[in-house]
Amino acid sequence: MFLVLSAGGGAAFVAGAKPPTTVEQLFPPWLLWTWYLLLLGSGAIGLISIALPNTYRALVLELAAMHGQTAAPLLYGLALLSSQVPAAGFAVAFFLGWSVASGWRGWQVWLGIRAVRQAAESEA
């Protein structure tokens, strides 16, 4: 779900959709563009990994996607936290939770990559 939302949201923002004006006022453009590109790139890479028939390559791409899926919400959550806007508490928790969940999934994928490598080595 987050991969689809990331790819779609990132593509929309890169194509010119404007974020909410309060968000646009809080953050410098470089931060917004970094966030947009991380969302688009990691979402697209993750969706591509789903379609690959080769398990190892799919896992490697998914791990790359999880790096972006960890970094994008972490960047945004920390930027919200640094803005010191009291009303941003829920959004900060959401984005940091998303980042932790993506990091956890990345760790699971890394374990899967290790298992595939060990299975390949034992067959050789």
Side-chain angles (χ1 to χ4, degrees):
M1 174 181 82
F2 280 116
L3 293 174
V4 172
L5 291 174
S6 294
F13 288 130
V14 168
K18 293 287 184 187
T21 54
T22 54
V23 171
E24 199 171 23
Q25 292 171 354
L26 286 174
F27 306 125
W30 70 266
L31 179 72
L32 290 173
W33 275 100
T34 302
W35 187 58
Y36 301 158
L37 294 173
L38 278 170
L39 284 177
L40 175 60
S42 64
I45 289 169
L47 291 173
I48 290 168
S49 76
I50 293 170
L52 290 179
N54 181 298
T55 303
Y56 181 77
R57 287 184 181 159
L59 287 172
V60 169
L61 277 182
E62 186 179 354
L63 183 58
M66 288 304 106
H67 281 89
Q69 288 289 297
T70 301
L74 179 63
L75 172 73
Y76 200 73
L78 291 176
L80 281 173
L81 188 62
S82 71
S83 70
Q84 298 179 354
V85 175
F90 176 77
V92 168
F94 173 79
F95 283 107
L96 295 181
W98 175 4
S99 180
V100 168
S102 295
W104 179 260
R105 177 62 187 150
W107 183 72
Q108 292 174 328
V109 171
W110 181 75
L111 291 177
I113 290 170
R114 278 186 44 198
V116 169
R117 280 185 189 159
Q118 288 172 350
E121 288 172 2
S122 68
E123 288 177 10

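In what follows, every heavy atom counts, from backbone to side chain, and hydrogens, waters and symmetry copies are set aside. Numbers here are sequence positions counted from 1. All values reported here derive from a predicted model rather than from experimental measurement.
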side-chain contact (heavy atoms from CB on, under 4.5 Å) with [X]: which residues, sequence neighbours excluded?
X      : result
Ala120 : none
Pro29  : none
Ile45  : Leu61, Ala64, Ala65

Within-4.5 Å side-chain heavy-atom neighbours: Leu3 and Met66: yes
Phe13 versus Trp35: any side-chain heavy-atom pair under 4.5 Å? yes
Show which side-chain atoms of residues 96-103 pair as donor or acceptor with protein atoms under 3.5 Å away, not counting sequence neighbours.
unit_1: Trp98; atom_1: NE1; unit_2: Gln69; atom_2: OE1; d: 3.3
unit_1: Ser99; atom_1: OG; unit_2: Thr70; atom_2: O; d: 2.8
unit_1: Ser102; atom_1: OG; unit_2: Gln69; atom_2: O; d: 3.3
unit_1: Ser102; atom_1: OG; unit_2: Trp98; atom_2: O; d: 3.1

Honestly curious: do Leu74 and Leu40 fall in one hydrophobic cluster under the side-chain, below-4.5 Å linking rule? yes
Transitive ILVMFWY side-chain link Phe95 to Val4, under 4.5 Å: no
So, taking the atom named CZ in Phe27 and the one named OG1 in Thr34, what distance separates them when rounded to the nearest 0.5 Å? 12.5 Å
In terms of heavy-atom contacts, Ala72 and Leu39 come closest through CB-CD2, 4.1 Å
Would Val14 and Trp33 satisfy side chain to side chain contact (heavy atoms under 4.5 Å, CB included), going step by step from the backbone distance to the final call? CA-CA 8 Å; Val14 168; Trp33 275 100; 4.0 Å; yes
Listing, residues 79-93 side-chain donor-acceptor contacts under 3.5 Å, not counting sequence neighbours, or none:
unit_1: Ser82; atom_1: OG; unit_2: Leu78; atom_2: O; d: 3.4
unit_1: Ser82; atom_1: OG; unit_2: Ala79; atom_2: O; d: 2.9
unit_1: Ser83; atom_1: OG; unit_2: Leu80; atom_2: O; d: 2.5

Hey, what else clusters with Val109 if you join Ile, Leu, Val, Met, Phe, Trp, Tyr whenever side-chain heavy atoms sit under 4.5 Å? Tyr56, Leu59, Val60, Leu63, Trp104, Trp107, Trp110, Leu111, Ile113, Val116
